[in-house]
Amino acid sequence: MNGHWYCTDCEERIDKDSIDDHEARGHHVKGHFRPDRLLPGDPELLGAEVGRGDGGGR
């Protein structure tokens with residue numbers, strides 16, 4: 001999982017190693033995460049799409 005950190009008080013992107021320093025000064029730190037690989041969609045929704053046909057079988 002990839003993460004990016006942002007200090008809302010300093011209004012800048014910070015390194016993971018700087019989180020403790022910013023929080024010790026009372027700053028609010030936000031993290032945004034993205035998985036290394038994207039997961040497939042909801043199987044129920046995908047099944048609904050696959051189950052729809054035009055009704056014109058061979």
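In what follows, residues are counted from 1 in the order of the sequence shown. Because the structure is a prediction, the values reported are computed rather than measured.
- Note: Glu12 CD to His22 NE2 = 5.5 Å, rounded to the nearest 0.5 Å.
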For a side chain to side chain contact (heavy atoms under 4.5 Å, CB included) check, start with the C-alpha distance between Asp9 and His28, then their side-chain angles and the critical distance, and finish with the verdict. CA-CA 6 Å; Asp9 294 296; His28 184 253; 3.9 Å; yes

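- The hydrophobic cluster containing Phe33 also contains Val29, counting ILVMFWY residues as joined when their side-chain heavy atoms lie under 4.5 angstrom apart, directly or transitively.
- Within the 4.5 Å cutoff, no side-chain heavy atoms of Trp5 are placed close to those of His32.
- Distance check, rounded to the nearest 0.5 Å: NZ of Lys30 to CD1 of Ile19 gives 14.0 Å.
- The distance from atom SG of Cys10 to atom CZ of Arg25, rounded to the nearest 0.5 Å, is 5.5 Å.
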